[in-house]
Amino acid sequence: MAIGEILLSAFLQVLFEKLASLGLDHAQREGAPPFFGISIDLLHKWKKMLVTINAVLGDAEDKQLTNKGPVKLWLDDVRDLAYDMEDLLDEFAIEATQAKSKAESSTSRGLVKWKFPFISQHKSSTSNPNPHSLVSEIEVQNISERLEEIVTMKSHLNLIESVVHRSDHTDKRLPSSSLPEPQFFGREKEEAEILKLLTGEAEKLLNGEAENVNTTLSIVPVVGMGGIGKTALAQRLYNDVKVSSCFEKRAWVCVSDVFNVLDITKTILRSIAKVSNEGEDLNRLQVKLKDSLSGKKFLVVLDDVWNENYEQWTALLKPFEAGAKGSKIIITTRNYTVVSITGASSYPLKELSLDNCTSLLAFHALKTTSFERHPDLETIGKNIAEKCKGSPLAAKILGGLLRDKGNPDQWEAILNNKMWDLPMGENDEVFRVLKLSYVHLPSYLKRCFVYCAIFPKDYEIERDELVHLWIAEGFFDGGRSKDNILKWGRAHFDELVSRSFLQQSSVNASKFSMHDLLNELAKSIAGGTCFNSESQLAYDEDDASPGKVRYASFTSLRYVSSKCIGAYHQMNVLRSLIFLYDRGDDKFHISNKVLHDLLTKLKYLRGFSLSHCSIIEVPDCVGDLKYLRHLNFSYTNIKRLPESIGSLCKLQALILKGCQELSLLPQGITKLVNLQFLDIRDTRSLKEMPLNISNLKNLMILSKFVVGPDKGSRLKELKNLPYLQGELFISELQKVEEVRDAVDANLIGKRGLSNLFLHWGENFGNLRNGNHEALVIHSLRPHTNLKHLSISHYGGARFPSWLDGPSYSKIVSLCLQDCPNVALLPPLGQLPSLRELSLEGLHAISTIGPKFYGGKMPFSSLTTLKLEEMLTWKDWSCYAGCQEEDVPFSCLQHLVLRGCHSLVGTLPGQLDLLKKLEIHSSPHLNSLTNVVCLPSLCELSLEDCNGEILKIFVNLTSLTVLSIENLAELVCLDHGFTSYLVHLKELYIGQCDKLEHLWQNGKEMQNLACLQSVVIDSCPQFTSFVAGDGEMELSHNLEKIELRNCVSLEKLPSKMCTLKRLTIKNCPKIMGLIISQDDPNSNISISQLECLVISECDSSISFPVAKGRLASLKLLSIEKCGGVEYLKEITAESLKSLYIERCENLVSLPQCLHTLSHLTILSLDECPILEIEDFPPLPITLVRLVLWSVPKMKSLPKEWHHLRSLRELLISCCENIKCLPEGGLPPNLWYFSIRKCENMKQPLREWGLPMLTSLEHLLMEGNSMGGEGDKVWFPSVEDDEDAWSLLFPSSLTELHLRDMRNVESLSSGLRNHLSSLQRLWITDWPKLRDLPEDGLPSSLQYLWIERCENLRYLPEDGLPPSLRWLDIEGCENLKDRCSKHSGNYWPLIQDIPLINIDNVRIQ
C-alpha cells in the first residue's frame, strides 16, 4: 500500500513556506547577484514546479491504489525529493543564521555588514571560498535536475490536475476537547459471564461455600480477530471495582508478538512487588515472583498473546502455582492455537451486530447512541456501519472521521469512496476502514500520525514527549507564533486521540499507545522512510533502503554495542533517532565511543533521544549536529554537557529531566536563541544557572530556576522570558537581595504558568530576614491561571496577601511546607477548584478557625487534606454555616493528621465521602467531644494516639483496612466499635503495650465475616484473642495470621479451618500448643494451612502424626529457634519448601524427608551443632538444596546422583566434608556453588563436573577444590591436555572463581572450551600475573577482576568485543593501564558500554 503519498501535499506546503522565507531573506541581502547562483528566479522556478507536482498528487494517489507500477515509483521520487529539498533549505537557513551572527558581531566592532556566503561563484567545490559551508552548488543543481525530471515524468504518466483536493473538505479543525468516556456496546453477555467467573468465587467464600471453589489456577482466554474489542473488554474487567476488590495483587502485561518469558516475568514482578529486577536470570525472578504471589489471590492480564509454544507457556506459569485459590489469568489473543495450549475454555468475541455497530458509530460521530436527532443521516449511517463488518475499532475510527461532518453529502462521500471497491484479503475489511479514515484525516494530522510508525507495537508514550518530536520535525513550522506552538501540537495530539488513532494506556493514564492495526497502517504508509529495530524496514521491499530512512527508533538492549546498531550507520539522511528503553528505574548502557561513532554518521538529525541511558558524559561531536532541534538526555547519569552544545543554533528542545548527577549547564547554552523547551525537572545536583539565561527569549518551558547572587543569575533574569508556561521551580530564594528583582521577574505576566514552586533554602541559620522574605513573596504573585502552587521553607510571618481572596479559582493543589513563622492561614476554603491541600511544618499555627474556611461552602472540591507536623496547633474550630447544606469538606476522601501533638478535640463532624483517614502522633484527639460518623471510610490508620480515640468513630460499615499502632491504654477492642466492621478485610495492631485481647467474647467474630488478615506485632500483654476461657471460630475468609513478639500469648483460636498463612515469631508460650504431637485429638484445626513460619522460639517443636492434620502445608520455615533440638516426623503430605535456619541447638534431622513426595526446596542454614553422620535420604522431587554453615555435618546425602530433579546445589562452610558421595553429583544440576569447605580432599578432577551437561552457573573457592586451587597454574597442565575440559562442562555460562591464593597464571583453553561463557568473576587471586594467553571466550559479556594485586596485563588480543561490563577493583597495576584516555589499554576497552574501576563508574 502506498497511500502515504497522500501526505505529500501537506509536506509540500511546508516547502512553499520555506521557499517564501528564503526569498524574503534573499531580497533583504545586499549585493548582486544574490547567493551566487541561487537567484530569486530559481526560487520561483522551484516553487512553480512544486505547485505543478502538488496539483496532480490526488490523481496519482487514486491511480497508484490500483496500479503500483510507474505511478508508485514517481510518488516515491517526489517523496524523496521533498525530504532532500527540505534538508537543503534548512542548510540555507543555518548558513544564514551563522552568517548573520558573525556579521552582527563584526558590526558591533565597526566592521562591514553581513552577507550570505552560501555558494561559491566557482563551479568546483574545491575552490569554494568558504570550505566549511554546508551547501554545495552541486546539491542545488541536483535538486533542479530532479525537479525537472519529475515534472517531465508527470506528463508521461498522464497525471491530471485535481480541481478540488480531498483534503480541502477535511481541513476544518475539530473541537479540541476529547470524547467522553467510550461507550461499550454488544458485549454485555461476555462481560457478565467473565465477571461472574472472576467475582463469583469471592461471593462463595463470603457465603461459606469455599468447598465448591476450584482449587486450580484458572485461565480465561478472550479470543477474536484484530479490532474486535478483546483488549477493551479486558480493560473493562480489569478496572471493574468489584473485580479489583476480589484480588490482592493485579498486573497487566502487553505481550504482543514476542513471547519472552523473562520479560513478561519482569513486568509482572514490577507490578506486583514494586521492585527493580534487572540483571537477574529467569530462575531468580520466578522465585521472587512465586514468593510475592504465595498464598495471595491475584489477577494477571496477558494482552495480545501470539505464542504457540507449549513449553514457553508452561515455563511462564510456574510461579503462579503458589497463588491462592481463585487466582485468574486473562489472556487476549487472535489465535485459537494459543487458546488450545492453555487447556482452557475460551470466550470468543464475534462481530458486533449491525445495531450495536450503528450505535457505536453514532456515539463517536454524533455523541449520542442513536440517530433520533439526525434522521437525515440514519440510513447512510447504517450503511456505513455495515461496512465495518462488526468491528468496534472500525466503527470507532469511522465515527471519529465523521465527527465534524454534519452534511449528508459528506457522509455519502465516505460511503461511496473508491477504497471500498479494492480487492481485499483476510482481515482487510477493517484495514480498509482504517485506510479510508487516514485518507480523510485533515492534512495537518497526516504527518503526525505517520510519524508514529517509528514506535514498535504497543509502545506507550507521553503526550508532550511525542509533541516535542513533532515540533522537531517542523510539522508546525510556518505561520504559528512561537508562544502557542506547544498548544498547537497538543491540540493535534488530542485530536488524534478523539479520532481514536491514539488511545490512553490502561495501566498508566499519562501515556498513550496505538492499536496494533493502526500501527501497521502507519508503517505501511511510511514505507521505507521509517525503521524500528523490532519490525525492521517497512513493508515494501522495493522501498527498503537504509539510505532512504528518515525516522528510526532502536528498542534498546540493556547493553548497546556497535554491532547491534550497525544498520543505523548507513542511514545517512536520518532525521529522528530515538532509543527506546522502558524497564522501570533501570537504564541501558552504551560506550562514549560507540555513541560518538554513530552520531558522526548522522549529519541531518533533527531529533535525538537517549533517555534512560547510563552515560556519564556526552560526546563533543553532538555540537556538530547543526540541524538538531530536539535533544533528550533525560534520566541519564551525565554530570555536565559539553560546551559544543552552544553551536546547535536550531535547537528548540533540550530535555534533561531526571538527570540527578547534572551539576552544571554550559554557559554556551545561552547562545541557543531558538531554544523553547529546557526541561530540568528533578535535577537535584544542579545548584546554579548559566549566566544570562534571559538571552533565551523564546523559552516556553524552563522548569527550574536557581537564584544566584551575581549579575546574570538573579531572579530578574525571568523578566525577559514572557512565554514561560507549564512548571517553574524557583529555588534558593533566600539569595534575592533586592525586592525589585522579584517584581521584575513578572510572574503575574506569565499567563501560561500552571505549576509554581517557591523554595527558600533549608539551612541558612540566623541570616533570615522574615520581613524581606515577605516582601519578596508578595512580589512573586503569579497569574490567576495557576493550578498548582507550593511554598516551602519560607521564613516570613504571614503568607502573601494574594492568597487571601478567591482570585486563584483554578488552583487544584496547594502545598505550604516548613514555614515555621506563619501564625495565620489565609481563607483557603474559598478556592473553588482546590482538590489537594497539604499543610506541613507550620509550627506557629495554633488555631484553624473561621478565616481558614472563608465564606459559604468552604473547600467544596477538596478531596485530600494533609495536616502534618503542626507542633503548636491546638484548636480546629468547627465551621459555622448558615444553612444545613453549607457543609465544609463535602468532597473530602483522604485526611491525614500527623505530628499534631497539641491538637485537642475531634474531627469535622460531617465527612460522608471520606475513604481514608490517617491519625498519627496526635495524642489529645479523644472522645470528649462529639462522635464522628464516617459511612464511606475504607481505610483507618491510628498511631501514637490515645486509646479512647476509637470511641469517636461510629458506623464504620465500609471499613476494609484497620491499622492500630502504639495506642496508649488500649486493652481490648470495644464491641460497639467492632460491631460495625462488617466489611473489614485487614487488621493490624502493633506496639500496644496494654493490649490483652482482641474481643471480649468469640461471638464478636461473627460480625467480621470478611476478615482476611490479622497481624499482631509487639504487644507484650496480649494473651489471647478472646478474654477468659472463651472459644472463637475464625471468619471463613480469614487466611492469614501473623503473631510477632507477643511474649504473653498463651492461646490461639481453636478453629482455624480456613487459615492458609500462619507466622509466629517470638511467642514462646504458644509454641507447644500449635500442633502438638502428643495430643492428636487437639481441637485446633489447621487442615487448610499452606504456609507456617516459626521464628525465635526457645521451646521444642513437634508436628502431628495424625494424617491430614497438615495436609495442605506447602511451606514450613523454622528459624532462630534455640529450643529446637530434634525435629521428628513431619507428616505434611503437600510440603514443597522446608527451611531450617539459625537453629543453634538442633542436633538431628527428621528421617522422614524422603517421604515428602512434593518437596522441592530444602535449606539448612547456620545449624552449628547439627551432626550428620548419615544424611537422611531425600525425595527425588527436590529441586533446590542449600547446606550453609553446618560445620559438623560429616556426610552429604548418599546416592544423590538419583536426584534427577535437583537443579540448584549450594554448599558453604561445611568444614567436615571431605569428599562427595559415590556416584557423582546430581546429573541435571543447573547451579552449583561450593565455598569454605577447607577439608575437601577429593581432587576436583574426580568430581565429574564435565559430565553435568546442564550446568550453567558455577561458583567455587580455591580452598574447596581438593588442592586444585593451591597450584601455580589453574587449571594445572598435565601432559599437554586441555586442562579446562577435564574440570568444567562446556555448558557453563557463569563462572565465579574465588580465593585462589597461590595461582599465578590461568592456563590456555578457557576461550575454546567454555565457548558459551557470559559472566566471569576472578576474585581474590593475590599472586595472579597472567590471564590466558589465547584470550577469553568470544561469548563473554561480563567480567569482574577483583583484588588481583599482581595482575598487570590483559590478554594480548584484548578483551572480546562481546563484553558489556568490565569491573576492576583492587588491581593497582591494572588500574593505571585502564585509565580513561590516558591508559594504554583504553583503546582496547573504550567500546565497552559499562566500566567500573575501584567502584567508580568511568563509562
Side-chain angles (χ1 to χ4, degrees), residues 205-208 245 906-907 911 914-919 925-927 930-943 945-1019 1021-1043 1046 1049 1051-1059:
L205 286 168
L206 192 61
N207 297 326
S245 67
T906 187
L907 304 176
L911 299 173
L914 193 68
K915 293 183 178 180
K916 186 173 183 179
L917 174 60
E918 302 173 58
I919 305 177
L925 276 176
N926 54 42
S927 62
N930 296 332
V931 296
V932 177
C933 180
L934 303 173
S936 301
L937 194 67
C938 296
E939 296 183 43
L940 175 61
S941 176
L942 304 171
E943 181 178 343
C945 297
N946 192 301
E948 296 293 308
I949 194 173
L950 289 174
K951 295 181 180 180
I952 72 173
F953 300 110
V954 297
N955 199 26
L956 299 183
T957 54
S958 299
L959 197 68
T960 59
V961 178
L962 174 60
S963 175
I964 298 173
E965 190 167 350
N966 197 16
L967 242 62
E969 310 303 325
L970 179 65
V971 175
C972 180
L973 293 177
D974 182 73
H975 172 71
F977 175 74
T978 60
S979 60
Y980 292 103
L981 305 183
V982 292
H983 289 106
L984 189 67
K985 293 182 178 181
E986 300 177 21
L987 173 63
Y988 172 88
I989 301 180
Q991 299 178 28
C992 293
D993 293 344
K994 296 187 178 181
L995 182 74
E996 297 178 3
H997 319 287
L998 291 184
W999 301 283
Q1000 287 295 333
N1001 62 70
K1003 293 182 179 180
E1004 295 184 32
M1005 191 67 188
Q1006 295 175 3
N1007 295 321
L1008 305 176
C1010 296
L1011 193 62
Q1012 298 175 359
S1013 170
V1014 174
V1015 178
I1016 312 294
D1017 185 12
S1018 302
C1019 298
Q1021 301 300 319
F1022 183 62
T1023 58
S1024 64
F1025 282 71
V1026 180
D1029 297 326
E1031 292 292 338
M1032 63 172 285
E1033 182 175 349
L1034 297 182
S1035 158
H1036 286 292
N1037 283 318
L1038 189 61
E1039 296 183 348
K1040 170 185 168 183
I1041 292 180
E1042 291 187 16
L1043 304 167
C1046 297
L1049 182 60
K1051 188 176 182 180
L1052 287 176
S1054 58
K1055 296 181 181 180
M1056 300 188 288
C1057 304
T1058 61
L1059 199 65

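Keep in mind that the numbers below use all heavy atoms, side chains included, and drop hydrogens, waters and symmetry copies. Owing to the predicted nature of the structure, the values given are computational and were not obtained by experimental measurement.
Put simply, the side chain of Thr960 never gets that close to the backbone of Leu984: no donor and acceptor are under 3.5 Å apart. Judged purely by atom type and a 3.5 angstrom limit, Asn1007 has no side-chain atom pairing as donor or acceptor with the backbone of Leu981. Side chain of Ser958 to main chain of Pro935: a donor-acceptor pair is present (N/O by atom type, distance under 3.5 Å, no hydrogens or angles). Remark: the backbone N or O of Gly990 is not paired with any side-chain donor or acceptor of Ser1018 at under 3.5 angstrom. The main-chain N or O of Thr957 is found under 3.5 Å from a side-chain atom of His983 such that the two form a donor-acceptor pair.
For the pair Gln1000/Cys972, a side-chain contact is recorded, criterion being any heavy-atom separation below 4.5 Å from C-beta on. Ile964 has its side chain out of reach of Tyr988: every pair of non-hydrogen atoms, C-beta onward, lies at least 4.5 Å apart. Looking at Trp999 and Asp974, their side chains never come closer than 4.5 Å, going by heavy atoms from C-beta outward. Counting only heavy atoms from C-beta outward, the side chains of Leu1052 and Leu1043 approach each other to under 4.5 Å. For the pair Leu959 and Val961, the minimum side-chain heavy-atom distance is 4.5 Å or more. With contacts defined as side-chain heavy-atom distances shorter than 4.5 Å, the pair Leu911/Leu917 does not qualify. In this structure the side chain of Asn946 never reaches within 4.5 angstrom of the side chain of Leu967, judged on heavy atoms. The shortest distance between side-chain heavy atoms of Leu942 and Ile949 falls below 4.5 Å.
Within 6.0 Å of CZ in Phe977 there are more than 12 heavy atoms belonging to other residues, nucleotides or ligands.
Expressed to the nearest 0.5 Å, how far CZ of Phe1025 lies from CD of Glu996 amounts to 15.0 Å. Note that CG of Asp993 and CG of Asn966 are 6.5 Å apart. Values are rounded to the nearest 0.5 Å. In this structure, NZ in Lys1040 is found 7.5 Å from CD in Glu986, a value given to the nearest 0.5 Å. Note that the CG atom of Asp1017 and the CD atom of Gln991 stand 6.5 Å from one another [nearest 0.5 Å]. The structure places SG of Cys1010 at 12.0 Å from NE2 of His1036, a figure rounded to the nearest 0.5 Å. Taken from CD in Glu965 to SG in Cys992, the straight-line distance is 8.0 Å, to the nearest 0.5 Å.
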Problem - Residue pair Leu998, Val1026: steps toward the side-chain contact (heavy atoms from CB on, under 4.5 Å) verdict - result: CA-CA 6 Å; Leu998 291 184; Val1026 180; over 6 Å; no
Handout entry: Trace of the side-chain contact (heavy atoms from CB on, under 4.5 Å) decision for Leu1038 with Val1014
Key = CA-CA 8 Å; Leu1038 189 61; Val1014 174; 3.8 Å; yes
Exercise for the section: Test side-chain contact (heavy atoms from CB on, under 4.5 Å) on Ser245 and Lys985 and set out the steps. Expected result: CA-CA 10 Å; Ser245 67; Lys985 293 182 178 181; 3.9 Å; yes
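Considering all non-hydrogen atoms of both residues, Leu1008 and Thr978 come closest at CD2-O, 4.1 Å.
Of the listed residues (Leu987, Leu956, Ile989, Leu1011), just one forms a side chain to side chain contact (heavy atoms under 4.5 Å, CB included) with Leu962, and that residue is Leu987.
His997 and Ser1024 are linked by a side-chain donor-acceptor pair at a separation below 3.5 angstrom, with hydrogens and angles left out of the test.
Using a cut-off of 4.0 Å between Lys/Arg side-chain N and Asp/Glu carboxylate O, Lys994 and Glu969 are scored as salt-bridged.
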